[in-house]
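Below: one structure, written as structure tokens.
Values below: all heavy atoms of this structure, side chains included; hydrogens, waters and symmetry mates excluded.
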Amino acid sequence: MLSSASNRVLTFTLQFSSSLKFLPKTHIDYRPRSLHSSIMSSASRSSPREALLDDSGCGGPITLEEWQRWGCISPVPAMVNAVIQDLKLLENNIDAHMVFGGNGGKLQGDFKIQEDKKHRARYETLADSDKKFQFYSARQIACRLLGSRGYLCQKCWLPMEDCMCSKVKPSSLWHGIKFWVYMHPKDFLRQNNTGKLLWQVFGVQAATLCLYGISEDEEIMWNAFKDAGKAKVWCLYPNHNNAPKTVQDAFSHQTSADMECAYSLTNKDRPLNFVLIDGTWSNSAAMFRRVKEQAKLAWGEEDIPCISLATGASAMHKLRPQPSWDRTCTAAAAISVLAELQLLPECSTHGLDKQAEAVEDALIVLLEVLTTRRLRMGRSITRKVPIFGFNCINNY
């Protein structure tokens, strides 16, 4: 898919099983209730807006309370607040207000031109490649936080007038599973992101956000992985250097001592950790490389166990079609792994099908809200259908 595409993807090897029965709502022919049958575009872009000031009248660092309201569990990233301080200093020096617009809190106007020059100069002074990477991520996140203050709901990441929180029904995720949403900074606070639905439904401890390039977040995630052990960590990504396993292969009828250790699902303190890489297809490749690099630091080898899913199209294909049917959104990936685990005798009593259905319901709500918003603003909800197997050109 094109690197400029704005839709998030999580890809899998397509392996359909005759024994697998998808939930009715995730069937490829599923039509969301009360919606036009035409293929839809993303949520419309907002008009320009100035960053909200805090009570002291200054641009305002991000407090721990504000940070965690957005779905994060880590301490406030030091580099994010450093970027915000630099933005405020520049605002004072050039006597111009920060103005944001569009999806993702993008800077606009004269301030953007001046800030772009300053951040490029700062970037060049960073000799260490990892510092450059962290600075890039922090700047992306800082701008999104400032541009979304007072505009987006901090829980569902939608404009206040379109908040969907009252329509999402919480559910408890079985203690034997934990999701990690490893999210690219460009997807943070994006309105049509679906990874956010996981912690809206299951809570931040069962489905935890980890922002790519934010050291505080990545440290928490990898400390949890090292504590659990490599056998308890699975990445939902097609590692072409090491053929990914199906859920059936990984967790059913294992006889080796290693797999028996890996699948001790009765151990409440050591759940299976599933990593969902939440970024565009082009970005996800770099994110997976970082996962392998961290795996080598933690366990001495790059190969990390990967899972392939027998997934079909989610409801969100109607909003933002993927380049091929074996690629799907983050929430649909979580739905699929829960549905496949439910088919295993070892997991059949844990109600994973109901937990998958709760995420599916939230996905439908998001689709309806985004479509309603676009219609209200007089925006088109039709788009060109991509030719699967080729790069698609998005209309938004």
Seminar exercise, completed: Those residues at least two apart in sequence (or on a different chain) that pass side-chain contact (heavy atoms from CB on, under 4.5 Å) with Leu64 are Gln68, Val76
Problem set entry | Main-chain N/O of Asn283 paired to Thr280 side chain as donor or acceptor, under 3.5 Å | yes
For this session: Dump the intermediate steps for side-chain contact (heavy atoms from CB on, under 4.5 Å) on Leu366 and Asn192, then the final yes or no.
Result: CA-CA 8 Å; Leu366 176 61; Asn192 63 1; 5.5 Å; no
Exercise. Who passes salt bridge (charged side-chain N to carboxylate O under 4.0 Å, His left out) against Arg69, sequence neighbours left out?
Worked result: Glu65
For this session: Could you tell me whether Glu115 and Lys118 have a side-chain N and a carboxylate O separated by less than 4.0 Å?
Result: no
Problem set entry | Single-linkage hydrophobic cluster, 4.5 Å side-chain cutoff, Ile84 and Tyr136 together | no
For this session: Output the distance between atom CE (Met221) and atom CG (Leu211), rounded to the nearest 0.5 Å.
Result: 10.5 Å
Exercise. Counting distance only, does the side-chain N/O of Gln355 pair as donor-acceptor with the main-chain N or O of Leu173 below 3.5 Å?
Worked result: no
Exercise. Is the CD atom of Gln154 crowded by more than 12 outside heavy atoms at less than 6.0 Å?
Worked result: yes
Exercise. What pairs of residues pass the side chain to side chain donor-acceptor pair (under 3.5 Å) test when at least one of them lies in residues 200-216, not counting sequence neighbours?
Worked result: Lys178-Thr208
For this session: Apply salt bridge (charged side-chain N to carboxylate O under 4.0 Å, His left out) to Asp130 and list each qualifying residue two or more places apart in sequence or on a separate chain.
Result: Arg290
Problem set entry | Leu363 with Val168, same ILVMFWY side-chain cluster at under 4.5 Å | yes
Exercise. Tell me, do Trp234 and Leu272 make a side-chain contact under 4.5 Å, heavy atoms counted?
Worked result: yes
For this session: Could you pull out all residues at least two apart from Lys296 that satisfy side-chain contact (heavy atoms from CB on, under 4.5 Å)?
Result: Glu302
Exercise. When rounded to the nearest 0.5 angstrom, what distance separates CG in Asp249 from OG1 in Thr246?
Worked result: 3.0 Å
Exercise. Do you know the tightest heavy-atom contact between Gln134 and Gly213?
Worked result: CG-O, 3.5 Å
Problem set entry | Between SG on residue Cys153 and CG on residue Leu158, distance to nearest 0.5 Å | 7.5 Å
Seminar exercise, completed: Taken to the nearest 0.5 Å, the spacing of Leu236 CG from Thr330 OG1 works out to 9.5 Å
For this session: Taking all heavy atoms of Ser284 and all of Gly279, pick out the closest pair and write down the distance.
Result: CB-O, 4.4 Å
Exercise. Do any N or O atoms from the side chain of Ser336 and from the backbone of Ala333 form a donor-acceptor pair under 3.5 angstrom?
Worked result: no
Exercise. Atom CD of Glu360 and atom NZ of Lys354: how far apart are they, to the nearest 0.5 Å?
Worked result: 13.5 Å
Exercise. Would you call Arg122 and Asp86 a salt bridge, using N to O less than 4.0 angstrom?
Worked result: yes
Problem set entry | Interatomic distance, Ile335 atom CD1 to Leu352 atom CG [nearest 0.5 angstrom] | 13.0 Å
Problem set entry | Pro305 vs Lys230 side-chain heavy atoms within contact, under 4.5 Å | yes
Problem set entry | Sequence-distant partners of Asp110, salt bridge (charged side-chain N to carboxylate O under 4.0 Å, His left out), two or more places apart | none
For this session: Could you walk me through whether Leu152 and Leu189 pass side-chain contact (heavy atoms from CB on, under 4.5 Å), step by step?
Result: CA-CA 8 Å; Leu152 297 183; Leu189 305 190; 4.3 Å; yes
Problem set entry | Where Asp278 and Met287 come nearest, the two heavy atoms and their spacing | O-CE, 3.9 Å
For this session: In sequence, state the C-alpha distance, the side-chain angles, and the governing distance for Leu197 and Met164, and then conclude on side-chain contact (heavy atoms from CB on, under 4.5 Å).
Result: CA-CA 11 Å; Leu197 298 176; Met164 60 179 273; 3.8 Å; yes
Seminar exercise, completed: Across all chains, not counting sequence neighbours, the salt bridge (charged side-chain N to carboxylate O under 4.0 Å, His left out) partners of Glu219 are none
Exercise. Ignoring hydrogens and geometry, is there a side-chain-to-backbone donor-acceptor pair from Ser171 to Val201 under 3.5 Å?
Worked result: no
Exercise. Run the side-chain contact (heavy atoms from CB on, under 4.5 Å) check on Cys235 and Tyr182 step by step: do they pass?
Worked result: CA-CA 10 Å; Cys235 189; Tyr182 193 35; over 6 Å; no
For this session: Please name all residues satisfying ring pair (Phe, Tyr, Trp, His ring centres under 6.0 Å) with Phe225, sequence neighbours left out, ordered by chain then number.
Result: Trp180, Trp222
For this session: Report yes or no: do Val204 and Phe202 belong to one cluster of Ile/Leu/Val/Met/Phe/Trp/Tyr joined by side chain heavy-atom distances under 4.5 Å?
Result: yes
Exercise. Less than 4.5 Å apart, any side-chain heavy atom of Leu145 and any of Val80?
Worked result: yes
Exercise. Do you know the tightest heavy-atom contact between Ala334 and Leu276?
Worked result: N-CD2, 3.9 Å
Exercise. Does the side chain of Arg144 come within less than 4.5 Å of Lys186's, by heavy atoms?
Worked result: yes
Exercise. Side-chain contact, heavy-atom cut-off 4.5 Å: Ile177 with Pro271?
Worked result: no
Exercise. Taking the six-membered ring for Trp, is the centroid-to-centroid distance between Trp157 and Phe188 below 6.0 Å?
Worked result: yes
Exercise. Is it true that Met98 and Leu89 fall in one hydrophobic cluster, defined by side-chain heavy atoms closer than 4.5 Å?
Worked result: no
Exercise. What pairs with Asp162 under side chain to side chain donor-acceptor pair (under 3.5 Å), at least two apart in sequence or on another chain?
Worked result: Arg373, Arg376
For this session: State, to 0.1 Å, how close Gln140 and Pro185 come at their nearest heavy-atom pair, and which atoms those are.
Result: CB-CB, 3.7 Å
Seminar exercise, completed: In short, Ile220 meets Pro75 closest at the heavy-atom pair CD1-CD, 4.3 Å
For this session: For the pair Gln191 (side chain) and Cys156 (backbone), establish whether a donor and an acceptor sit closer than 3.5 Å, ignoring hydrogens and angles.
Result: no
Exercise. Among pairs that include at least one residue of residues 70-83, which meet side chain to side chain donor-acceptor pair (under 3.5 Å), considering only residues two or more places apart or in two chains?
Worked result: Trp67-Ser74, Ser74-Asp217
For this session: State, yes or no, whether a side-chain contact exists between Tyr237 and Val275 at a heavy-atom distance under 4.5 Å.
Result: no
Exercise. Phe100 versus Cys143: any side-chain heavy-atom pair under 4.5 Å?
Worked result: yes
For this session: With sequence neighbours left out, write down each residue that passes side-chain contact (heavy atoms from CB on, under 4.5 Å) with Asp116, or none if nothing qualifies.
Result: His119, Arg120, Arg139
Problem set entry | Contacts of Lys132 that satisfy side-chain contact (heavy atoms from CB on, under 4.5 Å) - sequence neighbours left out | Tyr123, Leu126
Problem set entry | Main-chain N/O of Ile214 paired with Ser137 side-chain donor or acceptor, under 3.5 Å | no
Problem set entry | Heavy-atom side-chain proximity of Leu146 to Leu87 below 4.5 angstrom | yes
